Amino acid sequence: MHDPLNYDTLTIPEATALQQTLREQLLIQERDFPVNIVGGADISFNKFSTTVYAGIVLLSFPALQPVGYSLVKKEVLFPYVPGYLAFREVPALLEAWQQLPLKPDVLVVDGHGIAHPRRMGIAAHFGAVSGQATLGCAKKKLFGKYVEPPTEKGAYTPLLDKEEVLGVVLRTKTGVQPVFISPGYKLDVRSSLAIISQCTGRHRLPEPTRHAHNAVNRFRLGELGEGYTEV
DNA sequence: GCGACAG
DNA sequence: ATCTTGTCGC
């Protein structure tokens with residue numbers, strides 16, 4: 001086994017430098033592999049606590065039936081700083097990832113992919129260090145410009161930096177706030193949007209994200225145990 | 001100098 | 001992110 005990744009002693013300038021190095025490993029391309037299992041990744045924690053509860057859930061695709069989930073509890077010292085979320089959450093998510101007996105074909109991470117000042121949001125960062133195909137689904141904008149998409153479910157507008165399309169702002173449900181979709185690794189904007197469109201049910205958040213959020217919250221509250229559980 | 005600011 | 005109270009709509 002590998003030593004667990006630890007970013008706790010990094011300074012912000014060092015973290016910025018690492019993002020610039022990882023950026024050179026970015027792989028943004030059309031999907032060129034089949035998708036039979038999708039994963040959802042999320043973190044939960046108590047305000048003011050250094051303990052984080054990480055989780056990755058597995059869903060069949062396109063049926064979206066739960067297959068299993070991996071949960072890991074970990075201490076993290078790196079603070080939340082906008083633009084550096086990955087340094088706080090990726091180490092714990094990697095442990096949950098390594099604990100999976102089978103890996104999803106695509107991982108949906110709670111946060112942005114390349115829709116980031118240095119194109120290294122948490123989904124892009126996780127993909128770069130794991131080699132796994134990822135995409136980001138965030139509830140709020142971090143970086144980029146966009147016009148509000150029409151209020152109907154399925155409507156979307158591009159998320160832009162000048163002329164560059166970083167992702168899309170997608171209305172997953174009529175009359176609710178849109179979500180921000182961007183590729184992380186081994187996917188492009190079109191492929192990411194196509195996958196998320198097939199992961200959207202009657203809720204605002206796509207199923208992988210929704211199930212992951214639910215699992216880590218129940219884990220934090222003691223309703224679920226650490227480790228991998230087949231469902 | 002003034003806003004913006006994933007989780 | 002988490003917590004809490006109240007309101008709206010299917």
Side-chain angles (χ1 to χ4, degrees), chain A residues 7-8 10 12 15-16 18-19 22-23 40-57 71-94 96 107-128 134-146 148 151-153 159-162 166-170 172-185 189 192 196 201-206 208-223:
Chain A
Y7 293 136
D8 287 345
L10 286 186
I12 293 299
T16 304
L18 182 49
Q19 288 181 329
L22 288 175
R23 181 177 185 167
D42 194 16
I43 297 274
S44 177
F45 58 88
N46 291 309
K47 202 175 181 179
F48 306 133
S49 169
T50 54
T51 304
V52 297
Y53 301 80
I56 294 180
V57 300
L71 300 172
V72 169
K73 177 181 169 182
K74 194 173 164 64
E75 294 301 309
V76 178
L77 300 183
F78 199 97
Y80 169 67
V81 180
Y84 300 86
L85 175 65
F87 296 91
R88 182 172 164 73
E89 301 195 348
V90 163
L93 289 180
L94 267 179
L107 185 66
V108 180
V109 183
D110 193 10
H112 292 97
I114 62 170
H116 178 280
R118 291 168 295 284
R119 307 296 183 268
M120 262 301 141
I122 185 170
H125 189 125
F126 187 94
T134 62
L135 71 87
C137 174
K139 295 175 285 300
K140 292 188 287 193
K141 182 190 80 168
L142 169 66
F143 180 76
K145 296 292 216 178
Y146 69 98
E148 199 71 20
T151 174
E152 290 72 40
K153 170 174 176 150
L159 179 58
L160 306 165
D161 177 24
K162 307 289 179 59
L166 302 177
V168 296
V169 184
L170 173 68
T172 49
K173 179 179 180 181
T174 298
V176 305
Q177 288 297 108
V179 296
F180 300 78
I181 306 300
S182 60
Y185 194 66
V189 174
S192 300
I196 284 299
R202 45 184 193 180
H203 301 275
R204 178 195 179 211
L205 296 182
T209 305
R210 205 169 66 77
H211 281 277
H213 191 271
N214 198 281
V216 293
N217 255 326
R218 293 173 59 185
F219 177 33
R220 178 176 56 86
L221 297 174
E223 296 170 22

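Protein chains get the first letters and strands the later ones, always in sequence-line order, with residue 1 at the start of each. These figures come from a predicted structure and were not determined experimentally.
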message: Does B/dG7 have OP1 or OP2 under 4.0 Å away from a side-chain N or O of A/H116?
response: no
- request: Could you please name the option among B/dG7, C/dC3, C/dA1 that lies closest to any side-chain atom of A/K47?
  value: C/dA1
field: Integer-rounded Å distance: B/dA6 C1' and A/L142 CG
entry: 5 Å
message: Taking only side-chain N and O atoms of A/H112, does any of them lie within less than 4.0 angstrom of OP1 or OP2 on B/dG7?
response: no
- line: Separation of B/dA4 atom P from A/D161 atom CG, nearest Å, is 18 Å
query: With distance as the sole criterion, is a donor-acceptor pair present between the side chains of A/T209 and A/D110 under 3.5 Å?
result: no
- request: Determine: side-chain N/O of A/R118 to OP1/OP2 of B/dA6, distance under 4.0 Å, yes or no.
  value: no
query: Expressed in angstrom and rounded to an integer, what is the separation of A/E89 atom CD from B/dG7 atom C1'?
result: 5 Å
- prompt: Taking CG from A/L159 and P from B/dA4, how many angstroms apart are they, rounded to a whole number?
  reply: 17 Å
message: Testing the 3.5 Å rule here: is there a donor-acceptor pair between the side chains of A/T174 and A/E152?
response: no
- request: Determine if A/Y80 stacks with C/dA1; use a centre-to-centre distance below 5.5 Å and an interplanar angle below 30° as the criteria.
  value: no
statement: Among C/dT2, B/dA6, B/dG7, the one nearest any side-chain atom of A/P82 is B/dA6
query: Rounding to a whole Å, what distance do you find between A/F78:CZ and B/dG7:P?
result: 17 Å
task: Grab the NZ-C1' distance between A/K139 and B/dC5 for me, whole Å please.
output: 15 Å
- prompt: How long is the line joining CD1 of A/I114 and P of B/dA6, in whole Å?
  reply: 18 Å
task: With A/H125 as reference, evaluate A/Y84, A/Y185, A/F87 under the ring-ring contact (aromatic ring centres under 6.0 Å, His included) test and give the passing residue.
output: A/F87
- request: State which of B/dG7, C/dC3, B/dA6 makes the closest approach to the side chain of A/I122.
  value: B/dA6
